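Data block below; observations after.
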Amino acid sequence: QVQLVETGGGSVQAGGSLRLSCKSSRVTADSVCMGWFREGPGKEREGVAVLATVYGSTTYYADSVKGRFTISPHNPRNTVHLQMNNLQPEDTGMYYCAAAPVCSSGIPLSTSVYFWGQGAQVNVSS
């Protein structure tokens, strides 16, 4: 079993920045792909950004966050950070750290995620 613990989040005004971090209890073959999903008010859970902690740390982003969010690894490989800049009200939601066995071709479906964190709230006001 893998436990994911998130830190960060909070409330900012539009244009502001926040940083999320996620630490995994261990690295396994089922958790080499780490990243973030979010669930906005009344919306379905969607993938935001993922990083393959092996194979050169390949990253994938949702189109809605490209150029604003950056996911990065932290040594040891069981931690990832999500730097969120130029936040907008539509970025409001609960952000969940996720770990999956594969993300070789993009952000995996939420149904392919093996492990979830408890969630971190992000609120962006206009």
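Computation of the quantities below employed the complete heavy-atom set of this structure, encompassing side-chain atoms and omitting hydrogens, waters and symmetry-equivalent molecules. Remember, predicted model here, so these are calculated numbers, not experimental data.
- For the residue pair Tyr60 and Cys103, the shortest heavy atom distance occurs at CE1-O, 2.9 Å.
- No continuous path of hydrophobic side-chain contacts links Leu18 to Phe37 [ILVMFWY only; heavy atoms under 4.5 Å].
- Between the side chain of Arg26 and the backbone N or O of Gln3 there is no donor-acceptor pair closer than 3.5 Å.
- Cluster membership for Val50 and Met84, using ILVMFWY side-chain heavy atoms within less than 4.5 angstrom, is not shared.
- In plain terms, the two heavy atoms of Ser64 and Arg38 that are nearest each other are OG-NH2, 3.4 Å.
- For the side chain to side chain contact (heavy atoms under 4.5 Å, CB included) with Leu87, the lone residue among Val65, Val12, Asn123 that qualifies is Val12.
- Across all non-hydrogen atoms, the minimal contact from Met34 to Asn78 is CE-O, 3.9 Å.
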Distance-only criterion, 3.5 Å: show the donor-acceptor pairs between side-chain atoms of residues 107-120 and protein atoms not counting sequence neighbours.
unit_1: Gln118; atom_1: NE2; unit_2: Glu6; atom_2: O; d: 3.4
unit_1: Gln118; atom_1: NE2; unit_2: Glu6; atom_2: OE1; d: 3.4

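- Cluster annotation: Leu51 is connected to Leu82 through the hydrophobic network of ILVMFWY side chains, with a link wherever side-chain heavy atoms come within less than 4.5 Å.
- When the salt bridge (charged side-chain N to carboxylate O under 4.0 Å, His left out) test is applied to Arg68, the partners found at least two apart in sequence or on another chain are Asp91.
- Legend: residues meeting salt bridge (charged side-chain N to carboxylate O under 4.0 Å, His left out) with Lys43, ordered by chain and number and at least two apart, are absent.
- Evaluation of the salt bridge (charged side-chain N to carboxylate O under 4.0 Å, His left out) rule for Arg45 yields Glu39 as partners, not counting sequence neighbours.
- Checked against side-chain hydrogen bond (donor to acceptor under 3.5 Å, both in side chains), Asn86 has the following partners two or more places apart in sequence or in another chain: Gln88.
- Under the side-chain hydrogen bond (donor to acceptor under 3.5 Å, both in side chains) criterion, Ser24 pairs with no residue at all, not counting sequence neighbours.
- Between the side chains of Ser17 and Asn85, at least one donor N or O lies within less than 3.5 Å of an accepting N or O.
- Among all heavy-atom pairs drawn from Cys22 and Leu4, the shortest one is SG-CB, 3.9 Å.
- Between the side chain of Ser25 and the backbone N or O of Val2, no donor-acceptor pair lies under 3.5 Å.
- Within the 4.5 Å cutoff, side-chain heavy atoms of Tyr61 are placed close to those of Ile71.
- Rounding to the nearest 0.5 Å places OG1 of Thr59 at 14.0 Å from CZ of Phe69.
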